[in-house]
Amino acid sequence: MSTIIYPSPIFGPVHSRRLGISLGINLLPADGKVCSFNCIYCECGFNEDHRPTLPMPTRQQVAQKLEEKLQDMVAQGQLPDVLTFAGNGEPTCHPHFAEIIDDVIRLRNQYCPQAKVSVLSNSTMIHRQEVHDALMRVDNNILKLDTINPVYINKVDQPNAAYDVNLIIERLKAFNGHLIIQTMFMRGEYNGESVDNTSDDYVAPWLEAIKQIAPQQVMIYTIDRETPAQGLLKATHEQLDQIRDRVIAIGIPCTASY
Ligand code: SF4
């Protein structure tokens with residue numbers, strides 16, 4: 001099985017048709033994964049298979065390595081289009097996430113003011129005021145909401161602490177539209193049970209929650225790489241297109257990645 005553990009604290013740049021040139025910022029250890037979820041589809045693998053021995057990078061290390069990389073990129077005339085917080089787990093688990101956001105915005109303004117700052121987060125730390133406030137300062141605040149069915153969340157996202165989806169929805173609403181919801185749709189089985197969230201039983205209540213949260217955009221996607229759990233299947237193009245069109249029909253921009 002080939003899951004990915006990213007270098008830390010800076011990786012890439014990665015060229016993508018959708019994002020352009022994306023420079024990755026990984027606030028997790030370089031030799032393993034730290035996440036408050038343990039998603040069965042995680043491209044980094046299961047938490048228990050990648051326990052790190054190294055610490056998280058410090059705030060100073062992140063700023064220094066990012067500055068060096070941006071100086072390099074400026075010298076090569078290849079500026080990033082986006083600085084993306086992603087990598088080996090959940091970036092908001094870093095104890096200095098909020099201060100690091102400020103450092104990254106400062107360096108972005110200095111070296112590549114046209115670049116966007118994006119954060120990919122699973123929404124589990126947004127109850128912390130400093131995390132909420134820091135996410136309000138980034139350009140693309142991309143927050144995960146795979147379903148609103150608690151049984152499905154426990155089966156597929158596997159939070160490692162209490163997770164109340166209704167509270168999460170309230171906290172997502174508190175961003176007052178300054179957020180992008182990201183949702184994984186898939187089919188298949190895990191441990192002999194269906195993990196298909198493409199049917200109306202899942203989509204209709206999720207759509208109702210999306211309406212209440214009123215994000216600036218929704219991004220839906222499906223499995224793209226090898227997953228740690230066996231038996232998972234991609235949602236089809238048609239299923240993703242139908243779900244996308246239902247989001248657009250309630251007046252919210254939505255993109256589907258296959
Ligand atoms: S939230 Fe993201 S990093 Fe964490 S387990 Fe899920 S997919 Fe992996």
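Note that ligands are numbered from 1 as they come in the structure, with each ligand's atoms numbered from 1 the same way. Because only heavy atoms are used, hydrogens play no part in the values below, and waters and symmetry mates are left out as well, while side chains stay in.
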From the options P91, A86, C42, select the one whose nearest heavy atom is closest to atom 7 (S) of ligand 1.
C42
Where on [X] is there a heavy atom closer than 4.0 Å to ligand 1, on the side chain, on the backbone, on both, or on neither?
X	value
E90	neither
K33	side chain
C39	both

Among V119, L23, I10, V138, which one satisfies side chain to side chain contact (heavy atoms under 4.5 Å, CB included) with L83?
L23
Indicate yes or no: does R128 engage D133 in a salt bridge with an N to O separation below 4.0 Å.
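Between D133 and R128 there is no salt bridge, as every charged N stays at least 4.0 Å from the carboxylate O atoms.
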Answer yes or no: is there a side-chain heavy-atom contact under 4.5 Å between K33 and T3?
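No, every pair of side-chain atoms sits at 4.5 Å or beyond.
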Atom 3 (S) of ligand 1: which protein heavy atom is closest, and how many Å away?
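Looking at atom 3 (S) of ligand 1, the protein heavy atom closest to it is G89 CA, 3.6 Å.
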Starting from atom 2 (Fe) of ligand 1, which protein heavy atom do you reach first, and at what distance in Å?
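Checking every protein heavy atom, the shortest distance to atom 2 (Fe) of ligand 1 gives K144 CE, 4.3 Å.
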Please state whether the rings of H132 and F175 are parallel, tilted or perpendicular, taking 30° and 60° as the class boundaries.
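H132 vs F175 ring planes: parallel.
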Using the benzene-type ring in the case of Trp, are the ring centres of Y221 and F185 under 6.0 Å apart?
no
With rounding to the nearest 0.5 angstrom, report the CD to CG distance, Q114 to L79.
5.5 Å
Where ligand 1 meets N122 - atom numbers and elements under 4.0 angstrom, heavy-atom basis
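Near N122, the atoms of ligand 1 are 1 (S).
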For C35, the ligand 1 atoms whose distance to one of its heavy atoms is below 4.0 Å
1 (S), 3 (S), 4 (Fe), 5 (S)
Please indicate whether K155 has more than 12 foreign heavy atoms, meaning atoms of other residues, nucleotides or ligands, lying under 6.0 Å from its NZ.
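Correct, the count exceeds 12.
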Proximity flag C44 to ligand 1, non-hydrogen atoms under 4.0 Å:
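Outside the 4.0 Å threshold, so no.
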